Amino acid sequence: MRRREKKDHAKAALSADRSSSIAVNSFVTRCVATGGLVVFAVASAGLSLALLGRPDLDAPSDGHVRLLEAKTDLNGHVVATLQNQELGLKILTLDRCIIGAQYLQEEFQDQAAFTGFALQEAVVFVNRSLRRVLQLGLGAASVPNFLRSRRIQVDVVEVSETVIDMAEKHFGFSSCRRGNTKACQQRFGRTVQGDGREFLFGRDRRYDLVISDVFVGSNPGHLHSLEVFQRIQQQWLWPSGVLMVNFVGFHSGHRSHISRKLARTLRHVFATTRCFRDEDPAEHLDAAANLVCLASDQAFHFNVPTTGDFSNPAPFSSVWVMKHFQQWQVLPAEDGNESIFQDSQNELLEMDSQAEIQAHFWSHAQTLIPSHVWTALGISDTLPVG
């Protein structure tokens, strides 16, 4: 689980030590809390934060981390854009979560900053015609921007209006809600501000691919259940469509039972499910990571190129991840265990059920952004208990 490195000729521009690149890629995901109720891209009670008033926008930087902008959204969550000059990254946060990042150098902004993004972007090689995509969770818009650059329409559902605004202002995202909206939406897709589960159960429209990228420091149970996946299968996907779920957790050992239950739930709904870790499963065995599961009612495979940029890519570049991820398959089918996530009984909604995951990723957030910056945003150094 590593921050993805730039191409060889860009490495000199990245002054951070190699250890800085370890295991922060899962922050490609979402983090929002709404009154203790887990709703689309919503934090569990264990991650809800008591913010200390408005952030101090004039807080000093430490020389290489600078606060560019911070706002409190309508749900009371602080959304901030920061710049880490040492790592060459612009970073988007929501409360104590890093929800996206982009390279500062313009020539590298079309490349994923974290391996978790690159793994999701590899979906372009699935043997399907991807014309229309629905994405739940925006973050810094890395995946929607990547897909749109390949002439794929991507509709986005995002709960925080402030996240949408910052993605437009700082990360090159087009919400297509201003100006010539019809032409923009025909080219790029629509953006809906609202609750994800409410959106899924309130209407329907067919897509070739649905992406659920809603990690919130923990995985929101209300969007990871049998009922949600059935709804997507029956009302949102074409018969050959694919659901891609970014789930953060452990892939082996006793702590992997939640991840295995997620895979079983998908297999209970779809004929075919395959899950991949965002790095070699033999590396960092005890670390939580992005586990990207793809599910469909029709068998699928990936047609990843082998020539050109893919012949000998730089390690941990986007192309390198896309070239190797099929070797990182995890969470195989199991016999004799029928336990799944359901709305009536969902372990993900239990307090502290994902405490180790929360602690793991908060510690990595602190490696990218120093404590005084978190303090300026009203975020304490210590995770809330309970």
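None of the values given here were measured: they were computed from a predicted structure.
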At their closest point, which heavy atom of [X] faces which heavy atom of [Y], and how far apart are they?
X      : Y      : answer
Gly189 : Arg148 : O-NH2, 3.6 Å
Ala118 : Ala112 : N-CB, 3.6 Å
Val157 : Gly194 : CG1-O, 3.7 Å
Asn290 : Gly116 : ND2-CA, 3.3 Å
Met166 : Phe171 : O-CD1, 3.6 Å
Gly241 : Ser296 : O-OG, 2.8 Å

Got [X] and [Y] here, is their nearest side-chain heavy-atom distance under 4.5 Å?
X      : Y      : value
Tyr207 : Asp155 : yes
Met244 : Leu209 : yes
Gln153 : Val133 : no
Lys182 : Arg187 : no
Ile211 : Leu147 : yes
Leu92  : Ile98  : no
Gln83  : Leu104 : yes
Arg131 : Ile152 : no

Could you tell me whether the side chain of [X] and the main chain of [Y] form a donor-acceptor pair under 3.5 Å?
X      : Y      : result
Thr181 : Arg178 : no
Asn127 : Phe300 : no
Asn246 : Gln120 : no
Asp95  : Cys97  : no
Gln135 : Gly137 : yes
Gln193 : Val159 : yes
Ser317 : Pro313 : no
Asp352 : Ala355 : no
Thr191 : Ser175 : yes

Value for CD1 (Ile91) from CD1 (Ile99), rounded to nearest 0.5 Å, stands at 11.5 Å

Rounded to the nearest 0.5 Å, the CD atom of Gln186 sits from the CZ atom of Arg190 at a distance of 12.5 Å

Going by disulfide (SG to SG under 2.5 Å), name the pairs with one or both residues in [range], residues two or more places apart or in two chains.
range            : value
residues 295-381 : none
residues 117-180 : Cys176-Cys184
residues 211-291 : Cys275-Cys293
residues 105-136 : none

Does the side chain of [X] come under 3.5 Å of the side chain of [Y] through a donor N or O and an acceptor N or O?
X      : Y      : answer
Thr81  : Glu69  : no
Gln233 : Asp297 : yes
Asp73  : Ser160 : yes
His224 : Asn219 : no
Arg277 : His251 : yes
Arg264 : Thr273 : no
Asn303 : His301 : yes
Thr162 : Lys71  : no
Tyr103 : Asp110 : no
Gln85  : Arg66  : no
Glu347 : His257 : yes

Contacts satisfying ring pair (Phe, Tyr, Trp, His ring centres under 6.0 Å) that involve residues 118-156 (not counting sequence neighbours) are Phe125-Phe310

Taking atom [atom1] of [X] as the centre, does the number of heavy atoms from other residues, nucleotides or ligands within less than 6.0 Å exceed 12?
X      : atom1 : answer
Gln234 : CD    : yes
Arg151 : CZ    : no
Gln345 : CD    : no
Arg206 : CZ    : yes

Closer than 4.0 angstrom, basic N to acidic O: yes or no for [X] and [Y]?
X      : Y      : answer
Arg231 : Asp343 : no
Lys323 : Asp309 : no
Glu198 : Arg203 : no

Answer with yes or no whether the hydrophobic clustering places [X] together with [Y]; edges join I, L, V, M, F, W, Y residues whose side-chain heavy atoms lie under 4.5 Å apart.
X      : Y      : answer
Phe341 : Phe201 : yes
Val292 : Val154 : yes
Leu68  : Val65  : no
Val245 : Trp238 : no

Exercise for review: Specify whether Phe325 and Phe302 have parallel, tilted or perpendicular ring planes, treating 30° as the upper limit for parallel and 60° as the lower limit for perpendicular.
Suggested key: perpendicular

Can you tell me how the ring of Phe117 sits relative to the ring of Phe114, calling it parallel under 30°, perpendicular over 60° and tilted otherwise? parallel

### Query
Does NZ or CZ of Arg96 lie under 6.0 Å from the centre of the six-membered ring of Trp362, at an angle within 45° of the ring axis?
yes

Members sharing Val330's hydrophobic cluster, built from side-chain contacts under 4.5 Å between Ile, Leu, Val, Met, Phe, Trp and Tyr, are Leu291, Leu331

Run Leu243 and Leu294 through side chain to side chain contact (heavy atoms under 4.5 Å, CB included) and show every step you take. CA-CA 6 Å; Leu243 169 63; Leu294 293 95; over 6 Å; no

Problem - Test log, rule side chain to side chain donor-acceptor pair (under 3.5 Å), inputs Trp320 and His324 - result: CA-CA 6 Å; Trp320 185 88; His324 292 283; 3.3 Å; yes

query = Step by step, would you call Phe229 with Trp236 a ring pair (Phe, Tyr, Trp, His ring centres under 6.0 Å)?
reply = CA-CA 10 Å; Phe229 297 151; Trp236 291 94; over 10 Å; no

The residue among Leu136, Ile164, Leu138, Val192 that forms side-chain contact (heavy atoms from CB on, under 4.5 Å) with Val156 is Leu138

